There are 2 protein chains.
Amino acid sequence: MERSSTGTGGGRRQATRQKLYEAAVTLIAEQGFSATTVDEIAERAGVAKGTVYYNFASKNELFEELLRHGVGLLTASLRDAAEETERRGGSRVEALDAMIRAGLVFIDRYPAFTQLYVAELWRTNRAWQSTLMVVRREAVAVVETVLREGVERGELSAEIDVPLTAAAMVGMVLVAALDWQSFQSERSLDDVHSALSLLLRGRVSGNR
Amino acid sequence: MERSSTGTGGGRRQATRQKLYEAAVTLIAEQGFSATTVDEIAERAGVAKGTVYYNFASKNELFEELLRHGVGLLTASLRDAAEETERRGGSRVEALDAMIRAGLVFIDRYPAFTQLYVAELWRTNRAWQSTLMVVRREAVAVVETVLREGVERGELSAEIDVPLTAAAMVGMVLVAALDWQSFQSERSLDDVHSALSLLLRGRVSGNR
DNA sequence: GTTTTTGAACTGACCGGTCAGTTCAAAAGA
DNA sequence: TCTTTTGAACTGACCGGTCAGTTCAAAAAC
């Protein structure tokens, strides 16, 4: 028996699953879930169709595990950025700034996953809706926590609405990054980070 | 003889096309383009399948025209908001604020369309990609123009990167609104508008 | 004003093709 | 030996698109 955990580790099985994730994520990002066939996924992964069904119960389950895997990476990365700032004694605004950068780095590294996540997040009536809600909550919670800490410490205005502001921040990072990659790919990650940082720090219109 | 123009008017044909748009937009928003069948669209519109093909060359074309139609409404609404502010002698920041509200109102009225637009916008390799690029450009241009005017008049920092800031603003409105509807539906439109207005005006973290 | 004609709009059964999922014997790895 | 992968064959459901036929309001004819 092979260990069946979901580590990053090096079992033969894990390697196959990883290849299938990578094949599935780009194909589904490009075409959508329904338009992507299992045959295509297997072919791009360089694997037989039977192997897909040896490793995953169904096309749906492959996708759900892919979702969990990807958002898990993002959440860990955001948490790291926040904790690293904390360790350095940085302010909460700096922590938010670091999380923005972490988000951009993640999107830069996994553009297909991001695209696919955005495309599915607000859909209703889909089999994996509950899975998606769970992972979304985990990711948003990281942002909300830092916002709340900022308010407590007086760094952020007490007027702000934490859940809505968190959504808005996630939105500006997500859309700016996807737009950057699709329509403004000549810009650098630093350019995008600067633009978002300016907005976060209220230096677009708030200061004089 | 029936008139065959593409007005908003009341011909029988236009009425049928409108019903097909409405049926298609909700189904595709819920399930995605590929997962939505022409039979479903026809059934929800209360029309025979053949009628779909009498009015549109293909499933693809129905979708593309739907896209053009919807983004056209949004663009007009944003432009109205900006011009109305101008007419009142309002500042460019006020114009941006009015456009945020107009965006929220639009999303509130056409949630399915918004959802579908977001899900498709960054997809590659799709038949309607070029159509989407065209309509996107029209919509973003409205925001960019107002930002540029704001910089010229010294209302907005000269440091800002117009295209990236425009993308970020669109993103915060889009994601905040979709999140509001999906996960925070108890909030009012004014709540969401206030939260975004605060961010735009730099009163989240920028002022002391 | 009544009858006839016209043709745009609509209908729905049907067809060719595709796809998810299953199975399994045999090969490849460890 | 035991696990994992292979790849081809098969099934049954489903789907986009077609097309011959129907409907009906308005124009034409008388």
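This is a predicted model, so every value here is computed, not measured. Side chains included, hydrogens not; waters and symmetry mates left out as well; all remaining heavy atoms used. Just so it is clear: chains get the letters A, B, ... in the order the sequence lines come, proteins before strands, and each one is counted from 1.
A:Tyr117 and A:Phe113 have parallel rings, their planes meeting at less than 30° on a 0 to 90° scale where 60° marks the start of perpendicular. Note on ring orientation: taking the six-membered ring where Trp is involved, the planes of A:Tyr21 and A:Phe56 are tilted (angle from 30° to 60°). Between B:Phe63 and B:Trp128, the ring planes are perpendicular. Angles over 60° get that label, and only those under 30° would be called parallel.
Atom CD1 of B:Ile41 and atom P of D:dG17 are 11 Å apart (whole Å). In this entry the distance linking NZ of A:Lys59 with P of C:dG21 reads 7 Å, nearest Å. What separates CD of B:Glu40 from P of D:dG16 is a distance of 9 Å, to the nearest Å. Atom CG in B:Leu20 sits roughly 10 Å away from atom P in C:dT11 (whole-Å rounding). Rounded to whole Å, the distance from CZ on B:Phe56 to P on C:dC10 is 11 Å. Rounded to whole Å, the distance from OH on B:Tyr53 to P on D:dG21 is 22 Å. The nearest whole Å value for the distance from the CG atom in A:Leu27 to the P atom in C:dA20 is 12 Å. The nearest whole Å value for the distance from the NZ atom in A:Lys19 to the C1' atom in D:dT5 is 10 Å.
Taking side-chain N and O atoms only, A:Thr16 has a distance below 4.0 Å to OP1 or OP2 of D:dT5. Side-chain nitrogen and oxygen atoms of A:Tyr54 include at least one within less than 4.0 Å of the OP1 or OP2 phosphate oxygen of D:dT4.
Comparing C:dT11, C:dG21, D:dT5 against the side chain of A:Thr51 picks out D:dT5 as the nearest. Nearest nucleotide to the B:Thr37 side chain, out of C:dA20, D:dC15, C:dT11: D:dC15. Closest to the side chain of B:Ser58, from the set C:dT11, D:dG17, C:dA20, is D:dG17.
Between the side chain of A:Lys49 and the base of C:dG21 there is at least one donor-acceptor pair of N/O atoms closer than 3.5 Å.
The two residues A:Ser182 and B:Trp122 come nearest to each other via the heavy atoms OG-CD1, 3.5 Å.
Comparing A:Thr36 and B:Asn55, the nucleotide of DNA chain C nearest to each residue sits closer to the 5' end for B:Asn55.
Judged by distance alone, the side chains of B:Asp108 and B:Trp180 never bring a donor and an acceptor atom under 3.5 Å apart.
Pairing for D:dT22 is with C:dA9, a Watson-Crick or G-U wobble pair whose two hydrogen-bonding atom distances lie under 3.5 Å.
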